[in-house]
Q: 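I have a structure I would like to understand better, so I am pasting it below and will then ask my questions one at a time.
Each chain gets a letter, A, B and so on, in the order the sequences are listed, and its residues count up from 1. What you see below is based on every heavy atom in this structure, not just the backbone, and it leaves out hydrogens, waters and symmetry mates.
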Protein chains: 2
Amino acid sequence: MDEETLQAALNTADVLCAQRGVRFTAQRRRVLELVCRAERPVGAYEILGQLHTGATAAPPTVYRALDFLLEQGFVHKLETLHAFIGCTHPEHPHASQFLICADCGRVKELESEAVAGCLRSAAQETGFHPKRPVIEVLGTCAQCTHKAKKV
Amino acid sequence: MDEETLQAALNTADVLCAQRGVRFTAQRRRVLELVCRAERPVGAYEILGQLHTGATAAPPTVYRALDFLLEQGFVHKLETLHAFIGCTHPEHPHASQFLICADCGRVKELESEAVAGCLRSAAQETGFHPKRPVIEVLGTCAQCTHKAKKV
DNA sequence: CATTTTTCGAAACATTATAACAGTTGTGCG
DNA sequence: CGCACAACTGTTATAATGTTTCGAAAAATG
């Protein structure tokens, strides 16, 4: 995420938190910034390592901030990687799908209503009530596929 | 999984391993049995706890057996739960979806070609090459939804 | 400004997973 | 058969991820 996008994301978070009556503290802001700056998903302890902020930081510090950001939809957790990425459209709640490149490590967030709907109806056919769908696809991104062919 | 289904699963595994020229050792068989016997997904350390087989067992023992069973498609790993379940149709490779009940903990394995295909095409539209899709839905199963209404 | 709620700091601990290396067993082949 | 090799297993240690708990500080509330 480039500098401009980052600032926009932080602003959006600010506004949304104000609207929702929740506190966007310095700590949470800092964690969101670190997650967004990264090109790839970052682990909790990786964030922790970058949080030398005067006081020492312990795991709960990071996990608390991440929990908050997850609740607000500002970041997503990738279950297959035990890592976090900034959300590309935090304005509205949504069911996303993630394409994870095993080669370069980058992740693309899809938001296909077709996929979400298809899965929802398949689930509901069995009487199941979906709450939180987790859809992550491991594979190779366009760029890396291209590179592989050249070599 | 009831006793009959379990025996069938173990037999199937036997046959498939023979066909594939891989070894279905006592260790692996025991782990598969433990996973299949469980009503719900079981963690690696839970399996470990049930492996008092004369010699002591350490984590790598279980993880190695599980890796083998995963490769052969005899069990699945649920990324959101860090737990394993027996596969309900190991005969053919397949992309499954899992419906995980947050209430009773039971898991239903779907095998909807519609869902798999839909996701595959959504991914490929972006030039992405899917390898391993992970689809897990947290929610409430039919039974538990029903019970909740009664109370 | 006292009260209540929320957030944060700190230490310990719990859970899940892997690395590294040695020993053991099974398999194929001369 | 018996040797050589590969695959599997045992063992110890450690890494990586995530939680519990308790108490202090800071902020919102009335």
Side-chain angles (χ1 to χ4, degrees), chain A residues 13-14 17-32 34-35 38 40-72 74-85 105 134 136 138, chain B residues 13-14 17-32 34-35 38 40-72 74-85 105 134 136 138:
Chain A
D14 249 333
C17 283
Q19 281 176 12
R20 295 172 187 171
V22 296
R23 285 152 63 184
F24 193 46
T25 66
Q27 192 92 248
R28 292 164 176 176
R29 186 187 191 86
R30 210 149 45 218
V31 170
L32 178 56
L34 287 171
V35 173
R40 300 145 227 273
V42 284
Y45 279 73
E46 211 171 325
I47 296 165
L48 187 53
Q50 297 180 41
L51 266 190
H52 345 271
T53 64
T56 63
T61 302
V62 171
Y63 282 104
R64 280 191 286 233
L66 286 171
D67 284 346
F68 173 85
L69 298 171
L70 285 169
E71 270 168 29
Q72 300 301 321
F74 300 158
V75 304
H76 293 293
K77 173 164 193 179
L78 297 171
E79 299 286 348
T80 51
L81 301 181
H82 307 290
F84 303 82
I85 55 170
V134 171
E136 301 177 13
L138 299 170
Chain B
D14 250 332
C17 283
Q19 280 176 12
R20 295 171 188 171
V22 296
R23 283 154 63 184
F24 193 46
T25 65
Q27 192 92 251
R28 291 165 175 175
R29 187 186 189 85
R30 210 148 46 217
V31 171
L32 179 56
L34 287 171
V35 172
R40 303 144 224 275
V42 285
Y45 280 74
E46 210 171 328
I47 296 166
L48 187 53
Q50 296 179 40
L51 266 189
H52 347 271
T53 65
T56 65
T61 302
V62 171
Y63 281 102
R64 280 192 285 234
L66 286 171
D67 282 347
F68 173 85
L69 298 172
L70 285 169
E71 270 169 30
Q72 300 301 321
F74 301 159
V75 304
H76 292 293
K77 173 166 192 177
L78 297 171
E79 298 286 348
T80 50
L81 300 181
H82 306 288
F84 303 82
I85 55 169
V134 172
E136 302 176 10
L138 300 170

Q: Applying salt bridge (Lys or Arg N to Asp or Glu O under 4.0 Å), can you list everything that pairs with B:Arg64, at least two apart in sequence or on another chain?
A: none

Q: Taking salt bridge (Lys or Arg N to Asp or Glu O under 4.0 Å) as the definition, give me every residue that meets it alongside A:Asp67, ordered by chain and number, with sequence neighbours left out.
A: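 Once residues adjacent in sequence are excluded, A:Asp67 has no partner under the salt bridge (Lys or Arg N to Asp or Glu O under 4.0 Å) criterion.
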
Q: With sequence neighbours left out, write down each residue that passes salt bridge (Lys or Arg N to Asp or Glu O under 4.0 Å) with B:Arg23, or none if nothing qualifies.
A: none

Q: For A:Thr80, which residues count as a side-chain hydrogen bond (donor to acceptor under 3.5 Å, both in side chains) partner, sequence neighbours excluded?
A: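 Only A:Glu136 meet the side-chain hydrogen bond (donor to acceptor under 3.5 Å, both in side chains) criterion with A:Thr80.
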
Q: Got a sec, which residues hit side-chain contact (heavy atoms from CB on, under 4.5 Å) with A:Leu34, two or more places apart in sequence or on another chain?
A: A:Ile47, A:Gln50, A:Leu51

Q: Stacking between D:dT17 and A:Tyr45, yes or no? Criterion: centroid separation under 5.5 angstrom, plane angle under 30 degrees.
A: yes

Q: Go through the structure and list residues passing salt bridge (Lys or Arg N to Asp or Glu O under 4.0 Å) with B:Glu79, not counting sequence neighbours.
A: B:Arg132

Q: Considering heavy-atom distances to DNA chain C, does A:Ala58 or B:Gly43 have its closest nucleotide positioned more toward the 5' end?
A: A:Ala58

Q: Through what angle, rounded to 10 degrees, does the axis of the helix from C:dC1-D:dG30 to C:dG30-D:dC1 turn between its ends, using five pairs per end?
A: 30°

Q: When you compare the protein's N or O atoms with those of nucleotides 5-9 of chain D, which come within less than 3.5 Å of each other, and at what distance?
A:
{"residue": "D:dC8", "atom": "OP1", "partner": "B:Arg28", "partner atom": "NH1", "Å": "3.2"}
{"residue": "D:dC8", "atom": "OP1", "partner": "B:Arg28", "partner atom": "NH2", "Å": "3.4"}
{"residue": "D:dC8", "atom": "O5'", "partner": "B:Arg28", "partner atom": "NH2", "Å": "3.2"}
{"residue": "D:dT9", "atom": "OP1", "partner": "B:Thr25", "partner atom": "OG1", "Å": "2.7"}

Q: Can you list the residues that meet the side-chain contact (heavy atoms from CB on, under 4.5 Å) rule with A:Ala83, with sequence neighbours excluded?
A: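 So A:Ala83 forms a side-chain contact (heavy atoms from CB on, under 4.5 Å) with A:Pro41, A:Leu81.
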
Q: C:dT16 P sits how many Å from B:Tyr63 OH, rounded?
A: 7 Å

